Amino acid sequence: MNGKHITKLGFTNTSIGLALAAAQLREDTGLGRQAILDELSAVKSQPAAYQTGEYAALAHELLAQQTHTAFHAADALRPAALPYAQFGAELIEANARAQMDVAMQLPIARAGALMPDAHVGYGLPIGGVLATENTVIPYGVGVDIGCAMHLSVFAVPPEHLKTAEALHLLQKHTRFGAGIGFERRERLGHAVLDEAAWDEQPVLRRLHDKAAEQIGSSGSGNHFAEFGAFTLSAPEAGLEAGTYLALLSHSGSRGFGAQVAGHFTKLAESLHPALDTSARKLAWLDLGSEAGEAYWQAMNLAGRYALANHEQLHARLSRALGEVAALSARNSHNLAWKETVNGEELIVHRKGATPAAAGQLGLIPGSMADPGYLVRGKGYAPALGSASHGAGRQLGRKAAQAALSKSVVSAYLRDRGVTLIGGGVDEAPQAYKRIEAVIAAQSELVEVLGEFRPRVVRMDSGSEDI
DNA sequence: ATGTGC
């Protein structure tokens with residue numbers, strides 16, 4: 001018995017040595033060569049039946065190889081990306097497109113689209129829409145699960161609220177920054193904190209107290225709360241056309257959602273060790289698996305929690321104003337939904353994309369000093385019923401810090417009559433694409449109903465205030 | 001995006 005006999009049976013790599021060792025043990029019992037080769041052949045075709053005895057080590061190696069091969073086959077990328085529509089392609093950088101191309105090579109991908117505010121993100125680009133079959137990609141949703149917009153329009157003129165008072169109200173009723181929450185005696189309860197789901201997963205149970213502490217707060221980066229003038233161009237939901245005082249906010253699921261995202265993306269990566277490195281951050285979870293179900297539950301809880309954050313912010317400020325919103329709208333723009341796409345039920349991931357089904361209201365902000373828009377979706381199929389979630393960055397954070405200064409940002413704000421609390425150069429209006437161009441690039445996707453012009457804005461301080 | 005890590 002030698003290596004030649006073994007390789008002839010089709011054993012490779014580590015299994016050759018293990019087969020030889022097992023054959024030696026069988027020879028020691030007096031068994032003949034042909035009988036041993038027959039046994040080896042049987043072990044090779046049915047390793048699961050030989051997990052004990054002389055062939056155990058070989059059988060385990062063969063089983064491991066089988067599993068590995070299966071992983072490779074199931075995770076192999078398509079040789080070419082599936083086609084997808086891009087809106088405002090001239091506004092989208094090549095590296096964001098390259099990321100989308102990788103996503104469209106995933107074996108689970110079915111359809112996709114790139115919005116005009118698209119730019120590079122982890123895994124799926126921001127402004128990317130991706131439909132998959134019975135699977136969910138944690139980084140196809142993003143770190144800030146459920147990040148959302150909320151607008152309250154009050155039936156009073158914008159001048160009703162003086163700048164000094166707006167500053168005071170924002171300072172008093174909003175909280176910004178990583179790790180920030182409300183002081184215990186200031187906290188408001190919310191039904192979302194009493195949901196049964198918190199007790200159904202260790203990761204959720206562990207995060208409940210943090211969620212209770214941070215509810216009603218806003219984060220860092222591009223999150224904001226701002227008072228401004230909202231102009232409605234035609235009557236809508238009982239409100240006459242005109243210009244009104246309004247409150248617009250952008251916030252997500254805070255530390256809770258970020259921890260959920262981190263937990264499940266790590267889990268997804270561990271389940272797809274064979275996935276090509278270019279797609280590592282697009283590792284998915286099967287919705288038929290326990291892990292997939294757990295993510296779906298956690299993601300939707302984080303989505304409801306993010307909306308509850310906005311509800312509390314708007315409730316505090318409306319109450320302080322003594323006004324009730326005459327018109328309000330809100331939408332999540334980092335989430336996955338079960339939707340019918342071309343007659344098939346798929347999981348539609350929107351990572352920095354506004355749901356824009358026919359008739360659906362959505363909010364697309366510009367920057368700290370540029371207009372934001374209330375839009376109505378047109379349910380445009382090539383966009384998978386989506387629109388942009390904002391203007392999108394044209395300069396990354398570091399590039400913005402290097403290219404811009406406090407003085408050019410201050411001048412931009414002054415020219416537009418915007419007063420800012422906090423904010424950093426990395427969030428400068430000049431770091432963003434021109435919202436007018438981004439809106440113009442999606443006329444097939446949404447209809448503009450109204451325009452919000454920011455007047456008094458609060459953001460996190462970042463590294464340095466402007 | 002988040003008060004922290006392949």
Side-chain angles (χ1 to χ4, degrees), chain A residues 96 99 117-128 137-150 174-183 203-204 206-225 249-273 275 277-278 280-281 283 295 298-299 301-303 305-307 309-310 313 332-336 349-353 365 367-368 389-393 395-398 400-401 422-424 426-427 431-432 458-463:
Chain A
Q99 272 196 316
D117 60 337
H119 55 99
V120 172
Y122 279 120
L124 196 66
I126 317 295
I137 303 171
Y139 269 0
V141 169
V143 174
D144 192 4
I145 300 174
C147 188
M149 298 297 306
H150 189 144
T174 70
R175 298 289 183 278
F176 278 79
I180 294 295
F182 274 88
E183 307 74 14
V203 66
L204 297 180
R206 181 165 62 78
L207 291 166
H208 181 271
D209 289 357
K210 181 197 278 284
E213 199 178 304
Q214 298 191 323
I215 195 166
S217 69
S218 311
S220 58
N222 57 7
H223 289 175
F224 62 76
S249 56
H250 179 207
S251 178
S253 52
R254 313 288 290 99
F256 161 47
Q259 298 264 324
V260 166
H263 172 79
F264 283 98
T265 200
K266 252 184 252 165
L267 181 57
E269 280 189 47
S270 75
L271 291 171
H272 296 275
L275 194 57
T277 51
S278 66
R280 172 71 33 98
K281 296 271 177 256
Y295 176 74
M299 178 198 80
L301 181 61
Y305 174 78
L307 294 177
N309 281 340
H310 285 275
L313 184 148
S332 308
H333 55 219
N334 282 5
L335 213 61
H349 302 72
R350 291 191 181 85
K351 185 186 190 181
S367 80
M368 56 167 71
H389 85 308
R393 284 189 167 276
L395 292 177
R397 295 183 181 285
K398 274 181 232 160
Q401 297 275 12
D426 52 346
E427 287 300 326
Y432 284 86
R458 183 172 186 188
M459 299 185 81
D460 181 36
S461 296
S463 47

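Treat the numbers as computed from the prediction; the structure is a model and nothing was measured. To find a chain, count down the sequence lines: A is the first, B the second, and so on, and within it residues start at 1.
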* What does R397(A) touch in the nucleic acid at a heavy-atom separation under 4.0 angstrom: a base, only the sugar-phosphate, or nothing? -> sugar-phosphate

Which atom pairs link the protein and nucleotides 3-6 of chain B when you take only N or O atoms and keep those under 3.5 Å?
| from | atom 1 | to | atom 2 | distance (Å) |
| --- | --- | --- | --- | --- |
| dG3(B) | OP1 | K210(A) | NZ | 2.8 |
| dG3(B) | OP2 | G179(A) | N | 2.6 |
| dG3(B) | O5' | G179(A) | N | 3.4 |
| dG3(B) | N7 | A178(A) | O | 2.8 |

* Asked: Got a second to check how far H119(A)'s NE2 is from Q99(A)'s CD, nearest 0.5 Å?
  -> 10.5 Å

* Look at all strands and tell whether S253(A) reaches a base, only sugar-phosphate, or nothing, counting heavy atoms closer than 4.0 Å. => nothing

* Distance in angstrom units between Y139(A) OH and dT2(B) P, rounded -> 13 Å

* To do: Report which part of the nucleic acid G219(A) touches: base, sugar-phosphate, or nothing (heavy-atom distance under 4.0 Å, all strands).
  => sugar-phosphate

* To do: Run the salt-bridge test on R393(A) and E427(A) with the 4.0 Å N-O cut-off and return the result as yes or no.
  => yes

* Sequence neighbours left out, what passes side chain to side chain donor-acceptor pair (under 3.5 Å) with R206(A)? Give chain and number order. => none

* **Whole-Å distance separating the CG atom of D426(A) from the P atom of dT2(B)** => 13 Å

* To do: Name all pairs fulfilling the salt bridge (Lys or Arg N to Asp or Glu O under 4.0 Å) condition that reach into residues 261-270 of chain A, sequence neighbours left out, sorted by first residue then second.
  => E269(A)-K281(A)

* Asked: Does some side-chain heavy atom of H223(A) sit less than 4.5 Å from a side-chain heavy atom of D460(A)?
  -> no

* Measure up the H389(A) and H250(A) rings against each other and bin them: parallel (under 30°), tilted (30 to 60°), perpendicular (over 60°). => perpendicular

